[in-house]
There are 2 protein chains.
Amino acid sequence: MPSKARLARTDSGLASTLAVSVMRLSRRLRQERDSDLTATQLSALGTIRRHGSLTIGTLAAYERVQPPSMTRTVSCLLDRGMVTRAAHPTDGRQVVVSVSDEGLTLLDAERRRRDAWLAKRMRELSPADRELLRRAAPLLEGLANA
Amino acid sequence: MPSKARLARTDSGLASTLAVSVMRLSRRLRQERDSDLTATQLSALGTIRRHGSLTIGTLAAYERVQPPSMTRTVSCLLDRGMVTRAAHPTDGRQVVVSVSDEGLTLLDAERRRRDAWLAKRMRELSPADRELLRRAAPLLEGLANA
DNA sequence: TATTGTTATACTCTATAACTATA
DNA sequence: TATAGTTATAGAGTATAACAATA
């Protein structure tokens with residue numbers, strides 16, 4: 001029996017195996033990009049689009065980074081014309097960020113490309129395994145947000 | 001229906017959802033460490049232990065980074081006394097790396113700690129969900145290595 | 001006084017290109 | 001000439017601490 005499978009039999013071993021797998025796949029996904037936007041920027045941009053518009057702080061919480069990190073990421077997106085900034089309607093301290101038209105266009109194109117890489121590999125899996133990953137994705141998301 | 005669940009119904013949407021989930025969990029796991037070793041170093045150390053000993057190039061391939069990155073990581077591990085370096089028995093160009101006793105000790109302790117964080121969250125899941133993740137882990141690993 | 005965001009600073013991770021040593 | 005590893009260099013991502021503006 002391979003060492004990894006043996007490890008994964010116990011719950012703590014499973015956590016370890018899962019952690020390594022997640023880190024490696026994350027690294028691989030970072031490499032799979034083509035536009036001038038990085039994986040981090042694309043992830044933030046996608047989150048903004050999914051929510052319509054967000055403040056810096058809320059966006060940072062969703063992406064699980066500290067506010068200064070998000071300020072920087074949004075700055076990069078702004079420089080590239082991918083998002084727009086606006087004053088919060090009632091709270092002058094807050095900043096509301098939305099995806100620009102250019103951002104929407106790039107997001108669609110880039111996501112199609114990145115997804116194509118992963119989707120291609122996933123097509124090589126059995127339908128059962130794909131279904132398994134379909135159900136696993138929200139669980140991983142839940143663990144990240146726990 | 002939530003936007004994410006709607007997205008995940010299609011295969012390309014699933015890839016996108018999975019990519020975001022994996023990146024966020026990876027980010028979270030990076031934060032969950034206690035020793036002076038980083039997540040990257042721990043991952044490499046664990047891989048060395050799993051294989052007994054490895055050359056720099058092979059280790060880099062396993063971890064899916066370029067050789068110079070691995071040279072640096074191994075250098076850090078060496079500085080901290082976590083690994084030992086030895087000349088390859090027959091090929092003078094290659095370098096063989098193994099985990100030291102200190103490395104074994106730290107790896108066990110740290111992995112227990114990191115796993116405890118993830119395992120705790122996983123205990124909050126249903127047995128069915130845990131089983132799902134148990135089966136998903138090798139699939140994620142496979143995708144990373146594809 | 002508390003909260004939101006920014007600036008300043010530093011460290012880790014990673015990559016590419018160029019170099020050294022060995023095969 | 002080809003391969004394994006290292007060094008040099010650069011850029012992205014992230015964090016903490018200190019600061020400014022607003023509530």
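None of the values given here were measured: they were computed from a predicted structure. Convention: sequence-line order gives letters A, B, ...; per-chain numbering from 1.
- Residues forming a side-chain hydrogen bond (donor to acceptor under 3.5 Å, both in side chains) with A:Ser21 (at least two apart in sequence, or on another chain): B:Glu141.
- The backbone N or O of A:Arg64 lies less than 3.5 Å from no partner atom in the side chain of B:Arg24, so there is not a single donor-acceptor pair.
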Compile the donor-acceptor pairs under 3.5 Å between side chains in residues 66-74 of chain B and protein atoms, sequence neighbours left out, one pair per line.
unit_1, atom_1, unit_2, atom_2, d
B:Thr71, OG1, B:Pro67, O, 3.3
B:Thr73, OG1, B:Ser69, O, 3.2

Give each protein N/O atom lying under 3.5 Å from an N/O atom of nucleotides 2-4 of chain C, with the pair distance.
unit_1, atom_1, unit_2, atom_2, d
C:dT3, O4', A:Arg93, NH1, 3.3
C:dT3, O2, A:Arg93, NH1, 2.9

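- For the salt bridge (charged side-chain N to carboxylate O under 4.0 Å, His left out) test, no residue two or more places apart in sequence or in another chain qualifies with A:Arg121.
- Across all strands, B:Thr90 comes closer than 4.0 Å only to sugar-phosphate atoms, never to a base (heavy-atom distances).
- As a whole-Å value, the separation of B:Leu54 CG from D:dG5 P is 11 Å.
- Atom pair B:Arg85:CZ and D:dA4:P shows a separation of 16 Å (rounding to whole Å applied).
- Applying the salt bridge (charged side-chain N to carboxylate O under 4.0 Å, His left out) test to B:Arg27 and every residue at least two apart in sequence or in another chain returns A:Glu63.
- For the pair A:Met70 CE and C:dT7 C1', the computed distance is 17 Å after rounding to whole Å.
- A:Glu131 is linked by a salt bridge (charged side-chain N to carboxylate O under 4.0 Å, His left out) to A:Arg134, counting only residues two or more places apart in sequence or in another chain.
- Contacts of B:Asp108 classified as side-chain hydrogen bond (donor to acceptor under 3.5 Å, both in side chains), with partners at least two apart in sequence or in another chain: B:Arg49.
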Under 3.5 Å, N/O pairs linking protein and nucleotides 11-14 of chain C:
unit_1, atom_1, unit_2, atom_2, d
C:dC13, OP1, B:Thr38, OG1, 2.1
C:dC13, N4, B:Arg72, NH1, 3.4
C:dT14, OP1, A:Arg27, NE, 2.6
C:dT14, O4, B:Arg72, NH1, 3.3

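- Taking the side-chain contact (heavy atoms from CB on, under 4.5 Å) definition, one finds that B:Ser75 meets it with nothing, sequence neighbours left out.
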